[in-house]
Structure formats: structure tokens, C-alpha cells
Number of protein chains: 2
Amino acid sequence: MSDEHLLLDNQLCFALYACTREVTRLYRPLLEELGLTYPQYLALLVLWEEGEATVKHLGERLFLDSGTLTPLLKRLESAGLLTRERSRADERVVIIRLTDAGRELKARASEVPHKLMCKSNLALDEYHRLKNEFNSLLQRLHALQDEDDTEKAPRPPRV
Amino acid sequence: MSDEHLLLDNQLCFALYACTREVTRLYRPLLEELGLTYPQYLALLVLWEEGEATVKHLGERLFLDSGTLTPLLKRLESAGLLTRERSRADERVVIIRLTDAGRELKARASEVPHKLMCKSNLALDEYHRLKNEFNSLLQRLHALQDEDDTEKAPRPPRV
DNA sequence: TCAAATTAGATTGTGCGCAATCGAATTATC
DNA sequence: GATAATTCGATTGCGCACAATCTAATTTGA
């Protein structure tokens, strides 16, 4: 009677969801030593890469909106890792810049990826294979959303 | 100077993390019609499968603890989809049972997996390949945790 | 049998995600 | 150059995740 499509173990989504939580759990102790949460670490990855960025740009790279980023960045600001300043050219824009402490943290964080790979017990080639797998899935999923934006057919009400 | 291991796009974890949010975003409109969030849907999947379950059992299947499950289940209770009752045999245990309304919701939810596969634009074989990929990764990650439990070497303080 | 240890769940507090709404600033249109 | 539309970020509110702590119930063991 129970249709198999509703079995928990048959859900692509559940495996994905559980994997993500399991991986962030692996990161947690490593990032705790740096005083960071996992999304904070991601925001810093972008800043370490680019030096400075607007909130909008961070949102585009991380696929997060201001409701998530604003409080997260404020916490990093009060931890002394970055500054938030409105642009002179366009006062709607807030520019995020690393402080010296923020830049220095990069050296300590540089061990994190390798430590994590060791903990995960994945071989290097497997690690890369999975990374490519996920990245291509991610791209496909984002391509879907772009379609939605362009279509925008006002679907008929369903009453 | 920027070591490539700290580039956002080189993180296995970020692709995984972003994929998960993208997939739950696909689910959201479908589940909204049922009045459910994604984790609530997962809890109901287990109950539709097993009829009833203790909070502990739900936690084991979903890898969630009581701090997450208790309020989630209370919301489903006040939505009239399930009941929470302490076991007579062992009063520490709370048994979760579907109500008639909860059972009836299963029929409406049965379309969700197929609808999602259409939205995701994944071919059936690809869907299964990815599902197996994620499930085997999940198993490996959980195996790691079991190791940690057995080892439990009190690592030396790092000052 | 009675104290200690374990177990199940609840509670509290912090930090995301994300939708919805808002205000201020900028750009476009006429 | 006044008005409308758009853009950027902040705010609010809700629902997870999860660590830490607590209470009550049960099991263990000396």
C-alpha cells in the first residue's frame, strides 16, 4: 500500500540534506578553533579571495540574501574581522572590507581544507569527482531558476 | 598568494551546501500547498512509512535531536496531523501517532516526488545515480562518526 | 534495596535561511 | 525637473539545527 516513492530512503533530497549536515558537523570543531561558524567561514572565503565586496556581491556568490547576510556580517564586524561602510558613490551600497585581524585569520584557516579532507577519509580523486558532481548539479539547479525568471507565465489560479 | 585551497569554488562543502538549499527551494512551493515545511515533510515520510514512532526513533532516522524535533512535532500536532502521547510502559518515551488527517495527507503528498523530479529536470537514471552517490557518501560520513565514538582518545590540549 | 548511572525528552539560547516589508537612494521616463 | 520605477540594504518574524542544561523515569550494581 505504501507507495515506494514516499519512502525516506528513496528521496534524493534527504540524502543530500543529511550529507550537508554531516559535512558541516565535520567542519564545526575545526572552525570553532577560529571562532567561526560555517556560513561565516564561507563569507570570509569570498573576502580572502577578493579583498573587499559589497553585500550584494557576497549574496550573489553565496546565494544568500540580505536577511541572512546582514546579521552574519554584523557579527563578524563586532568580532573585529571586517568593517561595513556605505559607498560614497552610491549610498545604497555597503562595502565590506577585511581588517588586519580578518586578513591574519586566513593563515590559520589555510589548514582547514586539508584537515577536513583527512577527516572525511576521502581519497583525492574521489574528492574531486564528488566536487565536480555537486558543482554540475548546482549549475543545473540554478539554470532552472533562470528559466523560471524568464518564463514568468502567470499561472492560472487553481480553485 | 591566495592558496587555491581556500577558493570558494574549490570547496566540496560549498557545492553541497548550495545544492541542498536549491533543492529545498524546489520543494517549497509543492509543500506549501500541503502546509508543510521540508523537515516536517521528512518527519511525515517516516510516519507514513511506519504508522507510529517514538521521538527517539524519528531522531535516529532523520539524524535530528530532540531540540529540533520537539518543537517541530508540536507544530504538526497543533496542525492536527499527529498526536503525542507518553508511553505507559516507559514514561520517558513519547509516542507519535498520525491522526486521520495526517494519514489523509499522504494521498496528496504522493504526487510530490514525481512533481519534484519533473521540476528538477533530471532524467530517471541520473536521478538514481545521484541518489546512490549521496547515499553512499552519507553512509561513509556516518561511519566516520561511529569511529569517533569508539576511539574517544582524549586529544592533547593544543596550547 | 538504595544510590549511581543511564536514558528520553523538554527547554533555552544562538545562529542561520528565507519570505515579506520597509526606507532611502538612484535611475528612468516623460 | 517632477514623478515613477527600480535597487540596495535593513528589519521582522518564523522555522529549523544544534549545543548545553535540566527533569523525570528507568536500569544497574554493590
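- Under 4.0 Å is where a charged nitrogen must lie from a carboxylate oxygen, and between B:Glu133 and B:Arg129 at least one such pair does.
- Residue pairs satisfying the ring-ring contact (aromatic ring centres under 6.0 Å, His included) criterion with at least one member in residues 94-133 of chain B, sequence neighbours excluded, are absent.
- We find that CD of A:Glu77 is positioned 14 Å from C1' of D:dA10, with the value rounded to whole Å.
- Within the structure, salt bridge (Lys or Arg N to Asp or Glu O under 4.0 Å) pairs that include any residue of residues 67-77 of chain A comprise A:Glu77-A:Arg84 (at least two apart or interchain).
- When heavy atoms are screened at a 4.0 angstrom cut-off, B:Ala89 is found touching the sugar-phosphate backbone but no base atom.
- Aromatic ring orientation, A:Phe63 versus A:His142: parallel (interplanar angle below 30°, classes split at 30° and 60°).
- With sequence neighbours excluded, no residue forms a ring-ring contact (aromatic ring centres under 6.0 Å, His included) with A:Phe14.
- In summary, contact between chain B and DNA chain C, defined as any nucleotide atom under 4.0 Å from a heavy atom of the protein, begins and ends at C:dT7 to C:dA19 in the 5' to 3' direction.
- We find that CZ of B:Arg88 is positioned 16 Å from C1' of D:dA25, with the value rounded to whole Å.
- Of the listed residues (B:Tyr41, B:Tyr17, B:Tyr38, B:Tyr27), just one forms a ring-ring contact (aromatic ring centres under 6.0 Å, His included) with A:Tyr17, and that residue is B:Tyr38.
- Atom CD of B:Gln40 is separated from atom C1' of D:dG15 by 8 Å (rounded to the nearest Å).
- Put simply, CZ on B:Arg86 is 10 Å from P on D:dT26, counting in whole angstrom units.
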Its contact letters, B for base, S for sugar-phosphate only and - for none at protein heavy atoms under 4.0 Å, make nucleotides 17-24 of chain D read BBB-----
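- With sequence neighbours left out, A:Arg61 forms a salt bridge (charged side-chain N to carboxylate O under 4.0 Å, His left out) with A:Glu49, A:Glu50, B:Asp9.
- The CG atom of B:Leu31 sits 11 Å away from the P atom of D:dC16 (whole-angstrom rounding).
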Chi angles and distances behind the salt bridge (Lys or Arg N to Asp or Glu O under 4.0 Å) call for B:Arg28, B:Glu32: CA-CA 6 Å; B:Arg28 208 182 316 277; B:Glu32 214 161 72; over 6 Å; no
